Amino acid sequence: MTTYPRLAAYTLLAGLLVACTPGGGDGGYVAAGRQQAQAQPLTVEQLADKVGCDPRIQVDAADIRTGYCKTDDGEFFVSTFATEGGKNDWMDQAPEYKPHLVGPKWTVLGDLEVLEALQVPLDGDLHLTDHRVSETPAPGDEAGTGY
């Protein structure tokens, strides 16, 4: 015969297993409240607004949108993509002589000094050569390392 403490322990263990399993019956709730809907990618206009620019749209297609911006930090192009794959395909063919600032379904193309100024407000990763490898220095690394 199973004792009540053992039964309680098994019940608690089963509950923990269900709660820790992906999709484990939490009904869409997490500790801090309801799960948030996946954030929508930012538009060219939203990205430009973060750095104080009113973009001039250069390309307005279903799979890519590109806007030209000029701010006190300099000139640059902001591009958004319908998919991450589309962004990667575009970046495979992008000018290698220009570094890129990269985020979810977007890129910013410009001079290194401009991208360094835009990196914090846009919360992007700086890619100097291959877009699949971020070369942003880790905190505490010497400034300019890897450039």
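The model shown is predicted, which means the values in this text are computed figures rather than measured ones. We number each residue from 1, following the sequence as shown.
Separation of atoms OG1 (T80) and CG (L42) is listed at 9.5 Å; rounding is to 0.5 Å. Atoms CE and CZ, on M91 and F81 in that order, are 7.5 Å from each other to the nearest 0.5 Å. For the atom pair L126 CG and H100 NE2, the distance stands at 10.5 Å (nearest 0.5 Å). Residue T107 holds its OG1 atom at 10.5 Å from CG of N88, rounded to the nearest 0.5 Å. For the atom pair L115 CG and D73 CG, the distance stands at 10.0 Å (nearest 0.5 Å).
Pairing each heavy atom of A62 with each of A82, the nearest pair is O-CB, 3.7 Å. The two residues E84 and K105 come nearest to each other via the heavy atoms OE2-N, 2.5 Å. When every heavy atom of G86 is checked against every heavy atom of T83, the shortest pair comes out as N-OG1, 2.8 Å. The shortest heavy-atom contact between G74 and V114 is CA-CG2, 3.8 Å. The minimum heavy-atom distance between T71 and G52, with the atom names listed, is CG2-O, 4.1 Å. Heavy atoms only, all atoms of each residue included: P55 and G67 are closest at CB-CA, 4.3 Å.
Crowding of D72 atom CG: a count of heavy atoms from other residues, nucleotides or ligands under 6.0 Å not exceeding 12.
Side-chain contact between L101 and F76: absent, with no pair of heavy atoms (C-beta onward) separated by less than 4.5 Å. The shortest side-chain heavy-atom distance between V78 and E45 does not fall under the 4.5 Å cut-off. Considering only heavy atoms from C-beta on, L47 stays 4.5 Å or farther from V108 through its side chain. Side chains of L128 and L112 form a contact here, defined as non-hydrogen atoms less than 4.5 Å apart. Side-chain atoms of T43 and W106, non-hydrogen and from C-beta on, never get closer than 4.5 Å to each other.
A donor-acceptor contact shorter than 3.5 Å links the side chain of K87 to the backbone of G103.
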